[in-house]
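What follows is a short report on a single structure.
Computed from a predicted structure; not experimentally measured. A, B, ... follow the sequence lines: proteins, then strands. Residue 1 opens every chain.
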There are 2 protein chains.
Amino acid sequence: MTSASSDLVFRAVSDPTRRALLELLAQAEYSVSELLEHFKVSQPAISQHLRLLLDAGLARVRTDGRRRLYSLDAAPLREIHDWAAHYERFWDNRLGRLGQYLDQKQEAKKRGLPE
Amino acid sequence: MTSASSDLVFRAVSDPTRRALLELLAQAEYSVSELLEHFKVSQPAISQHLRLLLDAGLARVRTDGRRRLYSLDAAPLREIHDWAAHYERFWDNRLGRLGQYLDQKQEAKKRGLPE
DNA sequence: TTGACATATAAGCATCTGCTTATATATACT
DNA sequence: AGTATATATAAGCAGATGCTTATATGTCAA
């Protein structure tokens, strides 16, 4: 989980087509042509997206005859999840820094401390 | 949370400089020149990044004299968090589809069903 | 009012991105 | 062997991206 590999994951996930691919791969293993049916781009475009997913560690391939079967490897998504979770405290209320302050105040109140 | 605005958030967050900006804004409200101190790029570059964060709804500004004070709005990050959480089941084990299958098997076993 | 400061915007540029078509590679079928 | 099928790779291109310098805008201070 170096900064470089982390960046690969964030970049991979920033594209809507690749997010759609991940969603499909979450359901099952798919060949390229099966994946292709769900999109309006060319086969090379799909292969190129899959390459980026592989590079980011978000997908695996195995060969089956002349087909290549892609599957999901969601492990790197955990990093994104954890990164976002780091900000969880800030979206509970929409007040940002002030929210933290209010949280503290409320905490204090709960404990029956004077303001 | 349209698909378009969602995309803005994913894109905004895909850049390491902007992620660093968010991290700073999570700590406090900052002026542009204060933010600038933490980076090796020019002032316009920072202003441009901040613009994208604003567009994605990840930051707010208020004017204080001739300074502009930026603060975090983490709300849109919740979407990313939830999106990633959708894959949580897949990173618990590193086996993807097979993992699900094994999960089911294990579930079955727990219930004392025959294999 | 004049000049310094803080920030935004404009314009230009190199690089990256996502796409296409054309082609290479490998396997399967007859 | 020869043809069709499945996928990857190469090359090229338009548009996006991130940066820079130059400049505009607005506020403060003497």
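Rounded to whole Å, atom P of D:dC19 lies 8 Å from atom CD1 of B:Ile46. B:Leu21 places its CG atom 10 Å from the P atom of D:dC19, with the value rounded to the nearest Å. The distance from atom CZ of B:Arg51 to atom P of C:dA6 is 22 Å, rounded to the nearest whole Å. In this entry the distance linking CG of B:Leu50 with C1' of C:dA8 reads 11 Å, nearest Å. The CG atom of A:Leu53 sits 12 Å away from the P atom of D:dA8 (whole-angstrom rounding). To the nearest angstrom, C1' of D:dT9 lies 14 Å from CG of A:Leu54. The CG atom of B:Leu35 sits 10 Å away from the P atom of C:dA8 (whole-angstrom rounding). One atom, CG of A:Leu36, and another, P of D:dA8, lie 11 Å apart when rounded to the nearest Å.
Comparing atom distances between the A:Ala45 side chain and each of C:dC19, C:dT7, C:dT21 picks out C:dC19 as nearest. Nearest to the side-chain atoms of B:Pro44 among the listed nucleotides C:dT7, D:dA8, D:dA22 stands D:dA22.
Between A:Arg68 and A:Asp64, none of the side-chain N atoms (NZ, or NE/NH1/NH2) sits under 4.0 Å from a carboxylate O, so this pair counts as no salt bridge. A:Asp55 has a carboxylate O that lies under 4.0 Å from a charged side-chain N of A:Arg51, or vice versa, which qualifies the two as a salt bridge. Ionic pairing of A:Asp15 and A:Arg19 is not present here: no N-O contact between side-chain nitrogen and carboxylate oxygen is shorter than 4.0 angstrom. Using a cutoff of 4.0 Å between basic side-chain nitrogens and carboxylate oxygens, A:Glu88 and B:Arg78 are not scored as salt-bridged.
Taking 3.5 Å as the limit, the base of D:dA8 and the side chain of A:Gln43 contain a donor-acceptor pair of atoms between them.
Backbone-only contact: B:Ser33 has heavy atoms under 4.0 Å from sugar-phosphate atoms and none from a base. Within 4.0 Å of A:Phe39, counting heavy atoms only, lies no atom of the nucleic acid at all.
For the pair A:Phe39/A:Leu24, a side-chain contact is recorded, criterion being any heavy-atom separation below 4.5 Å from C-beta on. Side-chain contact between B:Leu50 and B:Val32 is present, with at least one heavy-atom pair separated by less than 4.5 Å.
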Name the pairs: protein N/O against N/O of nucleotides 16-18 of chain C, kept only if under 3.5 Å.
{"from": "C:dG18", "atom 1": "OP1", "to": "A:Asp15", "atom 2": "OD1", "distance (Å)": "3.4"}
{"from": "C:dG18", "atom 1": "OP1", "to": "A:Arg18", "atom 2": "NH2", "distance (Å)": "3.4"}
{"from": "C:dG18", "atom 1": "OP2", "to": "A:Arg18", "atom 2": "NH1", "distance (Å)": "3.2"}
{"from": "C:dG18", "atom 1": "OP2", "to": "A:Arg18", "atom 2": "NH2", "distance (Å)": "3.4"}

Under 3.5 Å, which N/O atoms of the protein pair with N/O atoms of nucleotides 3-5 of chain D?
{"from": "D:dT5", "atom 1": "O4'", "to": "A:Arg66", "atom 2": "NH1", "distance (Å)": "3.3"}
{"from": "D:dT5", "atom 1": "O2", "to": "A:Arg66", "atom 2": "NH1", "distance (Å)": "3.4"}

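Within the 4.0 Å cut-off from OP1 or OP2 of C:dA6, not a single side-chain nitrogen or oxygen of B:Tyr70 is found. The shortest distance between the side-chain N/O atoms of B:Ser42 and the OP1/OP2 oxygens of D:dT20 is below 4.0 Å. OP1 or OP2 of D:dA8 sits under 4.0 Å from a side-chain N or O of A:Arg68.
Applying the side-chain contact (heavy atoms from CB on, under 4.5 Å) test to B:Ser33 and every residue at least two apart in sequence or in another chain returns B:Ser31.
Looking at A:Arg60 and A:Ser71, their side chains do bring a donor and an acceptor atom within 3.5 Å of each other.
For an aromatic pair to be called close, the ring centres must be under 6.0 Å apart, and A:Trp83 with B:His81 fails this.
Residue order along DNA chain D, read from the 5' end via each residue's closest nucleotide, puts A:Val61 first among A:Val61 and B:Thr63.
Distance alone, capped at 3.5 Å, places no donor-acceptor pair between the A:His86 side chain and the A:Asp82 backbone.
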